[in-house]
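See below for the structure under consideration.
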Amino acid sequence: QVQLVESGGGSVQAGGSLRLSCVVFGYTRRSYCMGWFRQAPGKEREGVATIGSDGRTKYADSVKGRFTISRDNTARTVYLQMNNLKPEDTAIYYCAADPERYCSDAYSVAGAFGFWGQGTQVTVSS
């Protein structure tokens, strides 16, 4: 059974930084597309960033230049480094995984991913 466990959320002031982590348990495949999504109250879940097994990354325009997604395949962990945080970044952040080597453009939507973590809250105050 595949489980994704996120950590690293919290409360920061605008301009601050946080680093989210997501550990993948029970996944025997070496190749999988990983992503971070977020959902603010009253809004739909939106894609933040994805990273394939080849290390290629994609970002939402709203976070480009501020967020960095990375992965450690040995540790089965994906990270999201968030810098220069803004109040509009406030949301529950979710980690997602799917058994595909590459993250095609289809993985910009939540429905493409088969496995999800429980989410971690990020709150940015002005």
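Using a 4.5 Å cut-off on side-chain heavy atoms (C-beta onward), Val48 and Met82 make no contact.
Residue pairs meeting the disulfide bond (SG atoms under 2.5 Å apart) criterion with at least one partner in residues 49-90, sequence neighbours excluded, do not occur; the list is empty. Sorted by first then second residue, the salt bridge (Lys or Arg N to Asp or Glu O under 4.0 Å) pairs that include residues 52-62, not counting sequence neighbours, are Asp54-Arg56, Lys58-Asp105, Asp61-Lys64. Sorted by first and then second residue, the salt bridge (Lys or Arg N to Asp or Glu O under 4.0 Å) pairs involving residues 43-52 (not counting sequence neighbours) are Arg38-Glu46. Counting only residues at least two apart or in different chains, disulfide bond (SG atoms under 2.5 Å apart) contacts with residues 96-126 comprise Cys33-Cys103. Counting only residues at least two apart or in different chains, disulfide bond (SG atoms under 2.5 Å apart) contacts with residues 36-87 are absent.
In the hydrophobic clustering (ILVMFWY side chains linked at under 4.5 Å, chained through shared members), Phe37 is joined by Ile92, Tyr94, Tyr107, Phe113, Trp116. Residue Val109 belongs to no hydrophobic cluster, having no ILVMFWY side-chain heavy atom closer than 4.5 Å to its own.
Residues forming a side chain to side chain contact (heavy atoms under 4.5 Å, CB included) with Thr57 (at least two apart in sequence, or on another chain): Ile51, Tyr59, Ile69. Residues forming a side-chain hydrogen bond (donor to acceptor under 3.5 Å, both in side chains) with Gln121 (at least two apart in sequence, or on another chain): Thr123. For Phe115, the ring-ring contact (aromatic ring centres under 6.0 Å, His included) test picks out Tyr27, with sequence neighbours left out. For Ala60, the side chain to side chain contact (heavy atoms under 4.5 Å, CB included) criterion is met by Ser62, Val63, not counting sequence neighbours.
Listed here is the closest heavy atom pair of Leu85 and Arg66: CA-NH1, 3.9 Å. Scanning both residues, Ser125 and Pro87, for their nearest heavy atoms gives C-CG, 4.5 Å. Across Val5 and Gln118, no two heavy atoms sit closer than the pair CA-OE1, 3.9 Å. For Gly119 against Glu6, the heavy-atom pair with the smallest separation is N-OE1, 2.9 Å.
Put simply, the side chain of Thr74 never gets that close to the backbone of Asp72: no donor and acceptor are under 3.5 Å apart.
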Please tabulate, one pair per line, all N/O donor-acceptor pairs under 3.5 Å involving side-chain atoms of residues 9-25, not counting sequence neighbours.
| from | atom 1 | to | atom 2 | distance (Å) |
| --- | --- | --- | --- | --- |
| Ser17 | OG | Asn83 | OD1 | 2.9 |

Before you tell me yes or no, could you show the steps for Tyr79 and Met34 under side chain to side chain contact (heavy atoms under 4.5 Å, CB included), namely the whole-Å CA-CA distance, both residues' side-chain angles and the distance that decides it to 0.1 Å? CA-CA 10 Å; Tyr79 305 96; Met34 298 292 298; over 6 Å; no

Test Arg71 against Ser53 for side chain to side chain contact (heavy atoms under 4.5 Å, CB included), laying out the working first. CA-CA 9 Å; Arg71 65 192 290 166; Ser53 295; 3.8 Å; yes

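Interatomic distance, CG of Leu80 versus CH2 of Trp36, reported as 6.0 Å (0.5 Å rounding).
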